[in-house]
S.K.: 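Pasting a structure here, questions to come.
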Amino acid sequence: MLQFDRHRRLRTSAAMRDLVRETHLNKDDLIMPVFVDSTINGKEEIPSMPGIYRYSLDAILDEIKEIVDLGIKSIIIFGVPEKKDEVGTGAWEENGIVQQAIRLIKKTYPELIVIADTCLCEYTSTGHCGILKDGIVLNDKSLEYLTKTAVSQVAAGADIIAPSNAMDGYVAAIRQGLDEAGFKNTPIMSYAVKFASSFYGPFRDAADGSPKEGPKDRKTYQMDPANRLEALREVASDEKEGADFVMVKPAMAFLDIMREVRNHTLLPLVAYNVSGEYAMVKAAAANGWINEGQIVYESLVGMKRAGADLIITYFAKDVAKKL
């Protein structure tokens, strides 16, 4: 008699498939990015990211209310200052655009988790994530300014600091700076594995953060997309320096790295479903080539299956509506 396994027994109905589903996507997994811009009034759609907007300070609460009403419990905030300079002064000013936004959001929605992206690229006239001198992005000098930025963001009310600058030692420097400022209980969400990726293109439109002087890319401080073991070394360093979360960015093309990191760390693991990934899905859906909702769900579940605990995604509101 013919002998074989009948795997289809567990696929016979939607209820049966739900019963044995191994990976689940929940609203608690989602972190929504928010852009606050001091150069505009109201809101402006980002051309390369349909459905995503930059908000002025007086319009930001409309977006936050929608996010909260959908049951999303966490946001990550990015800022566009009115003026830029060589050292990114707007990143750490007490009345910087992000600091003002954090205070306003936390006053109105104190239970919402506000994550502050800690970088200089939106604030420097050079467009780099650190201090540029003689064509080189200075590592240790940049740490001073990044630490000042993190302390100012927490002083404004940020719940979590998320340094995305890719300088060596940034977790150690920021941890020390926060502790010395009295913020020992503020966690750091490290962009531990951040590749020098072409998937970031639309974000640089959104945050006006493309390199304008010096190196034309960020390959001297962000990782080579071809490297796997280097990712594990980066995670190990950030863990040792005091990170409370680690991240893999981008997500979709790096699920193998996500699984490797998951297998090597006990910390919460964050996936960043980046702007280029968002834009590609939106473009294909606009042309009728794919079912957007199903593709998005499948992609985000893939990130969870690869080991992510949390997902930063521009699809957060869309997914929350369906969940």
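Bear in mind the structure is a predicted one, so any value in this text is a computation, not a measurement.
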S.K.: Could you verify whether a donor N or O on one side chain and an acceptor N or O on the other, from S125 and D85, lie under 3.5 Å apart?
M.R.: no
S.K.: For N227 and M223, indicate whether the former's side chain and the latter's backbone hold a donor-acceptor pair under 3.5 Å.
M.R.: no
S.K.: Restricting to pairs with a member in residues 234-256, which pass ring-ring contact (aromatic ring centres under 6.0 Å, His included), not counting sequence neighbours?
M.R.: F195-F254
S.K.: How would you list all residue pairs meeting ring-ring contact (aromatic ring centres under 6.0 Å, His included) that involve residues 51-70, not counting sequence neighbours?
M.R.: none
S.K.: Which donor-acceptor pairs under 3.5 Å do the side chains of residues 183-190 make with protein atoms, sequence neighbours left out?
M.R.:
| unit_1 | atom_1 | unit_2 | atom_2 | d |
| --- | --- | --- | --- | --- |
| S190 | OG | Y170 | OH | 3.0 |
| S190 | OG | A192 | N | 3.1 |
| S190 | OG | D238 | OD2 | 2.4 |

S.K.: Sorted by first residue and then second, give each side chain to side chain donor-acceptor pair (under 3.5 Å) pair with at least one member in residues 256-265; sequence neighbours left out.
M.R.: R228-E260, E239-T265, R259-N263, R262-D309
S.K.: Are E86 and T126 close enough that a side-chain donor and a side-chain acceptor fall under 3.5 Å?
M.R.: no
S.K.: Apply side chain to side chain contact (heavy atoms under 4.5 Å, CB included) to residues L310 and L30 and explain how you reach the verdict.
M.R.: CA-CA 6 Å; L310 303 168; L30 305 174; over 6 Å; no
S.K.: Apart from L2 itself, what residues make up its hydrophobic cluster, given side-chain heavy atom links below 4.5 Å?
M.R.: F4
S.K.: Applying salt bridge (charged side-chain N to carboxylate O under 4.0 Å, His left out), can you list everything that pairs with D29, at least two apart in sequence or on another chain?
M.R.: K304
S.K.: Do L112 and I75 come close enough that some side-chain heavy atom pair is under 4.5 Å?
M.R.: yes
S.K.: Indicate yes or no: does E66 engage K317 in a salt bridge with an N to O separation below 4.0 Å.
M.R.: yes
S.K.: Tell me, please, which residues at least two apart from K141 pass side-chain hydrogen bond (donor to acceptor under 3.5 Å, both in side chains).
M.R.: E144
S.K.: Which pairs, with at least one residue in residues 274-323 and sequence neighbours excluded, count as a ring-ring contact (aromatic ring centres under 6.0 Å, His included)?
M.R.: Y278-Y314, Y278-F315
S.K.: What residue pairs, at least two apart or across chains, pass side chain to side chain donor-acceptor pair (under 3.5 Å) with a residue in residues 71-83?
M.R.: D28-K73
S.K.: Got more than 12 heavy atoms from elsewhere within 6.0 Å of NZ, K27?
M.R.: yes
S.K.: Mind checking salt bridge (charged side-chain N to carboxylate O under 4.0 Å, His left out) for K106 and listing every partner two or more places apart, or none if nothing turns up?
M.R.: D159
S.K.: Which pairs, with at least one residue in residues 6-18 and sequence neighbours excluded, count as a side chain to side chain donor-acceptor pair (under 3.5 Å)?
M.R.: D18-R21
S.K.: Inspect the contact between K65 and D69 and indicate whether a charged nitrogen and a carboxylate oxygen are less than 4.0 angstrom apart.
M.R.: yes
S.K.: Which residues satisfy the side chain to side chain contact (heavy atoms under 4.5 Å, CB included) test with A156, sequence neighbours excluded?
M.R.: Q99, I102, R103
